[in-house]
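Sequence lines set the chain letters: A, B, ... in the order given, protein chains first and strands last, and positions in each chain run from 1.
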There are 2 protein chains.
Amino acid sequence: MSSSPRLSSPAPAKSERYHHGDLRRALLDAARALAAAGGVEALTLREVARQAGVSPAAPYHHFSDKNDLLRAVATEAFELLTRAMAVAAESTDDPVQRLKAIGAAYLAFAFAHPAEFRFMFRHELCLPPGVPDPLEQAGTASYGVLLTAVEAAQKSTQVRSGSPDTELSTLGLTLWSAVHGLSSILLESPMSKTSTPEIGQHLARSVIGNVLRGVLTEEQRD
Amino acid sequence: MSSSPRLSSPAPAKSERYHHGDLRRALLDAARALAAAGGVEALTLREVARQAGVSPAAPYHHFSDKNDLLRAVATEAFELLTRAMAVAAESTDDPVQRLKAIGAAYLAFAFAHPAEFRFMFRHELCLPPGVPDPLEQAGTASYGVLLTAVEAAQKSTQVRSGSPDTELSTLGLTLWSAVHGLSSILLESPMSKTSTPEIGQHLARSVIGNVLRGVLTEEQRD
DNA sequence: TTTAGTTTCTAAACGCTGTTAAGTTACGTT
DNA sequence: AACGTAACTTAACAGCGTTTAGAAACTAAA
């Protein structure tokens with residue numbers, strides 16, 4: 001008994017304990033919830049602390065900065081995106097369909113997490129060059145899923161001839177640009193309120209189809 | 001003489017006059033300069049007023065809000081973009097080359113005005129739906145330049161057959177997505193410091209070429 | 001079990017921001 | 001010349017990010 005006194009006294013509610021337990025996790029979750037509810041401009045460090053039930057200075061023991069907190073949220077969002085793209089990639093064995101599935105997953109992520117998507121790519125979040133940057137790594141990992149699928153598609157289908165620029169990097173960049181651009185436009189445009197995720201998915205299929213037709217010889221229908 | 005007393009007394013320096021003359025213009029210019037120098041986060045309403053040599057409350061006689069000032073800056077940026085795209089469209093008579101020129105102009109604008117480009121598309125700048133929004137109109141005008149060129153290209157070249165989705169809107173959206181996505185990625189990516197405008201132009205040509213190949217029957221080389 | 005050391009938090013303050021209210025100055029008109 | 005209006009200033013408010021100093025709780029060794 002005396003060796004485990006904690007069992008005798010019931011654990012107080014997290015909000016009443018002086019030491020939070022996992023404040024870092026709570027701060028990240030609160031930040032995510034605030035961004036989802038009111039956009040990035042509603043994401044205040046003081047409000048995050050308030051939601052977690054701690055003082056305004058408490059977050060500074062877990063994040064060096066407000067930017068540091070935002071960077072961590074963005075990094076986790078990229079990890080989620082990477083997983084979603086990887087799951088989509090495993091949904092089919094056909095390389096072209098796989099590319100379409102990855103693009104659809106990308107757009108679905110943007111619609112599911114609009115607030116995070118809007119600041120995941122902001123360059124001011126990145127650390128200065130030279131310093132290892134988890135956000136940059138997480139973004140590169142997402143891009144890597146696409147690049148792998150592009151490479152597979154290139155091997156299995158003939159790359160359109162007569163085009164000197166259809167290297168891996170250019171093909172991947174073309175696809176990433178098209179899908180990222182579409183996601184941004186649908187998300188930021190005023191018409192985004194009227195456009196449902198279903199419309200977005202349909203447009204994504206069309207846009208990806210258009211691009212793939214330009215890049216691969218084999219034509220594949222929706 | 002008495003009818004034009006201003007000529008007798010030399011006009012005092014703008015900074016010394018109580019009435020600024022054209023404070024609205026000065027605020028817009030100062031805002032643009034601040035954004036160009038230090039990004040959007042450096043664009044403070046108080047600093048804008050400081051640069052214009054007026055008190056922090058003065059801007060409120062010309063803009064209802066900080067957002068209102070930002071919206072005006074973004075609107076003017078869209079007007080500049082529209083002009084640049086229109087000029088590029090007139091640079092050639094070939095419809096496909098015209099599309100490439102417009103895309104290159106878009107990317108060149110993004111590189112020339114990165115700070116403005118980064119917030120021109122933020123949806124929180126837009127007015128609530130229903131209210132006539134100059135920013136939305138200016139953006140639609142830019143898009144219109146592209147749509148007109150796409151329409152011309154569709155008439156002059158055969159649209160690739162067997163694709164049910166190659167309507168005007170989808171084609172335009174595909175091109176806009178690809179070019180906008182590429183601009184965003186090049187601008188926001190950490191590698192953007194190393195990528196020169198020339199590299200960007202080259203990538204733009206490749207990406208647009210890839211997309212056009214998917215959309216139009218006639219193949220045209222760079 | 002006490003003690004020392006370290007981590008995690010609070011309280012209070014700083015300068016900055018966007019914004020508003022009330023008062024002042026200059027302009028345009030009659 | 002006087003008045004009404006528009007453009008500005010001064011002063012203040014709450015809220016923000018951040019820092020400093022100190023209190024509280026956990027950890028581990030004596």
How many whole angstroms separate atom [atom1] of [X] from atom [atom2] of [N]?
X: F63(A); N: dT8(C); atom1: CZ; atom2: C1'; result: 14 Å
X: D68(B); N: dT19(C); atom1: CG; atom2: P; result: 10 Å
X: Y60(A); N: dT19(D); atom1: OH; atom2: C1'; result: 9 Å
X: N67(A); N: dC16(D); atom1: CG; atom2: P; result: 17 Å
X: D22(B); N: dA7(D); atom1: CG; atom2: C1'; result: 13 Å
X: E47(A); N: dG17(D); atom1: CD; atom2: C1'; result: 14 Å
X: R46(A); N: dT19(D); atom1: CZ; atom2: P; result: 13 Å
X: E41(B); N: dT17(C); atom1: CD; atom2: C1'; result: 15 Å

Side chain of [X] only, please: which of [options] is the nearest?
X: D65(B); options: dA11(C), dT19(C), dA7(D); answer: dT19(C)
X: R50(B); options: dT9(D), dT10(C), dT17(C); answer: dT17(C)
X: L45(A); options: dG17(D), dT10(C), dG18(C); answer: dG17(D)
X: A58(A); options: dT9(D), dC9(C), dT17(C); answer: dC9(C)
X: K66(B); options: dG17(D), dT10(D), dG18(C); answer: dG18(C)

| F121(A) vs Y106(A) aromatic rings, parallel, tilted or perpendicular, using cut-offs 30° and 60°? | tilted
| task | Select base, sugar-phosphate, or nothing to describe what S55(A) touches, counting heavy atoms under 4.0 Å on all strands. | result | base
| Is R24(A) touching bases, backbone alone, or none of the nucleic acid, heavy atoms closer than 4.0 Å? | nothing
| task | Taking only the side-chain nitrogens and oxygens of H62(A), find out if one of them lies under 4.0 Å from OP1 or OP2 of dC9(C). | result | yes
| How about T82(A) and S142(A): does a side-chain donor come under 3.5 Å of a side-chain acceptor? | yes
| request: Please determine if E76(B) and R25(B) form a salt bridge, counting it only when a charged side-chain N lies under 4.0 Å from a carboxylate O. | output: yes
| task | Run the salt-bridge test on R98(A) and E90(A) with the 4.0 Å N-O cut-off and return the result as yes or no. | result | no
| said: Could you check, using the six-membered ring where one of them is a Trp, whether F117(B) and H180(B) have ring centers closer than 6.0 angstrom? | reply: yes
